[in-house]
Amino acid sequence: MPTNSNGHFSSEYIISEEVLATIAANAAKDVEGVARLGNRPADLYTTFKIGADASKKVAVTMTDYDIRVHVYIDLVSTAKIQPVCKAVQDAVKQAIQNMTGRVVTRVDVSVTGIADPPEPAALPTMPGELEP
């Protein structure tokens, strides 16, 4: 297994932060109770780094030996915050580790809003259905 000068695991391929953010976003959206990804607040890093986009919903910090992720989500109004956030942490960590083979050491979840639950879709009427 290749190692870097610090003796930590180092791979021969490079995965961009954008790819990791996409994996994390897709994993978070699939968790029950998550309405959508939330808005990420502007911070000093995105303000002064050329090319950084504060509108991204996931922040990824990557080093030679670990990955740290911060996901911003909006919850469904009927969801319980703590179980949903724990499920998002687990889903994001498993998705990234399974797809990349890299270690995820931290997944932070910030709830940025609450959304109304989706309305159930009206059932279409069948043609030829008898009306009373």
Side-chain angles (χ1 to χ4, degrees):
M1 188 176 291
T3 58
N4 62 13
S5 60
N6 297 333
H8 297 289
F9 169 75
S10 177
S11 62
E12 294 180 18
Y13 57 91
I14 297 172
I15 301 171
S16 73
E17 290 180 359
E18 289 80 17
V19 170
L20 295 173
T22 301
I23 293 169
N26 288 333
K29 286 191 282 188
D30 290 341
V31 173
E32 186 175 342
V34 175
R36 60 184 168 263
L37 295 174
N39 292 324
R40 177 175 153 190
D43 57 4
L44 286 176
Y45 180 75
T46 55
T47 301
F48 292 111
K49 182 179 177 191
I50 296 173
D53 187 4
S55 67
K56 292 182 181 173
K57 312 296 185 181
V58 179
V60 176
T61 305
M62 197 168 48
T63 65
D64 284 344
Y65 55 93
D66 76 336
I67 298 169
R68 287 178 242 148
V69 181
H70 197 138
V71 182
Y72 299 86
I73 60 172
D74 289 347
L75 294 180
V76 174
S77 62
T78 58
K80 295 190 179 206
I81 295 172
Q82 196 168 11
V84 172
C85 289
K86 176 70 172 133
V88 168
Q89 285 178 320
D90 293 339
V92 168
K93 181 176 181 175
Q94 289 303 314
I96 291 175
Q97 288 184 164
N98 290 342
M99 294 180 96
T100 66
R102 303 276 311 268
V103 176
V104 177
T105 57
R106 184 176 184 130
V107 178
D108 294 322
V109 179
S110 293
V111 177
T112 59
I114 304 294
D116 291 328
E119 295 291 327
L123 296 173
T125 58
M126 299 295 290
E129 190 174 292
L130 298 176
E131 292 186 24

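Each residue takes its place number in the sequence, starting with 1.
- A search for side chain to side chain donor-acceptor pair (under 3.5 Å) contacts involving Thr112 returns Asp74, not counting sequence neighbours.
- Qualifying side-chain contact (heavy atoms from CB on, under 4.5 Å) partners for Ala87, counting only residues two or more places apart in sequence or in other chains: Val31.
- At a threshold of 4.5 Å between non-hydrogen side-chain atoms, the residues Leu20 and Val69 do not count as touching.
- Among all heavy-atom pairs drawn from Ala27 and Ala95, the shortest one is CB-CB, 3.8 Å.
- For residues 103-114, every residue pair satisfying the salt bridge (Lys or Arg N to Asp or Glu O under 4.0 Å) rule, not counting sequence neighbours, is listed here: Arg106-Asp108.
- Under the 4.5 Å side-chain contact rule for hydrophobic residues, Val103 and Val107 do not share a cluster.
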### Task
Please assess Lys57 against Asn39 for the test side-chain contact (heavy atoms from CB on, under 4.5 Å), listing each intermediate value before the final yes or no.
CA-CA 6 Å; Lys57 312 296 185 181; Asn39 292 324; 2.7 Å; yes
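- Val88 is listed as a side-chain neighbour of Ile73, based on a closest heavy-atom distance under 4.5 Å.
- Between Val71 and Ala28 the shortest heavy-atom distance is CG1-CB, 3.9 Å.
- With sequence neighbours left out, Thr100 forms a side chain to side chain donor-acceptor pair (under 3.5 Å) with no residue at all.
- Partners of Thr22 under the side-chain contact (heavy atoms from CB on, under 4.5 Å) rule, at least two apart in sequence or in another chain, are Asn26.
- Checked against side chain to side chain donor-acceptor pair (under 3.5 Å), Lys86 has the following partners two or more places apart in sequence or in another chain: Asp90.
- Within 6.0 Å of the CD1 atom in Ile114, the count of heavy atoms belonging to other residues, nucleotides or ligands exceeds 12.
- Scored by the side-chain contact (heavy atoms from CB on, under 4.5 Å) test, Met99 finds Ile23 as partners (sequence neighbours excluded).
- Put simply, the side chain of Thr63 reaches to within 4.5 Å of the side chain of Arg68, judged on heavy atoms.
- Taking CZ of Arg36 as the start and CG of Leu75 as the end, the distance is 10.0 Å to the nearest 0.5 Å.
- In terms of the side chain to side chain donor-acceptor pair (under 3.5 Å) criterion, Thr61 has no residue partners (sequence neighbours excluded).
- For the pair Gln97 (side chain) and Val104 (backbone), a donor-acceptor distance under 3.5 Å is present.
- When side chains are defined from C-beta on, Arg102 counts as touching Met62, because their heavy atoms get closer than 4.5 Å.
- Note on Val19 and Val92: same hydrophobic cluster, where clusters join Ile, Leu, Val, Met, Phe, Trp and Tyr whose side-chain heavy atoms are under 4.5 Å apart, directly or indirectly.
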### Task
Step by step, work out the side-chain contact (heavy atoms from CB on, under 4.5 Å) result for Ile81 and Val111.
CA-CA 8 Å; Ile81 295 172; Val111 177; 4.1 Å; yes
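- Residues satisfying the side-chain contact (heavy atoms from CB on, under 4.5 Å) criterion with Asp30, sequence neighbours excluded, are absent altogether.
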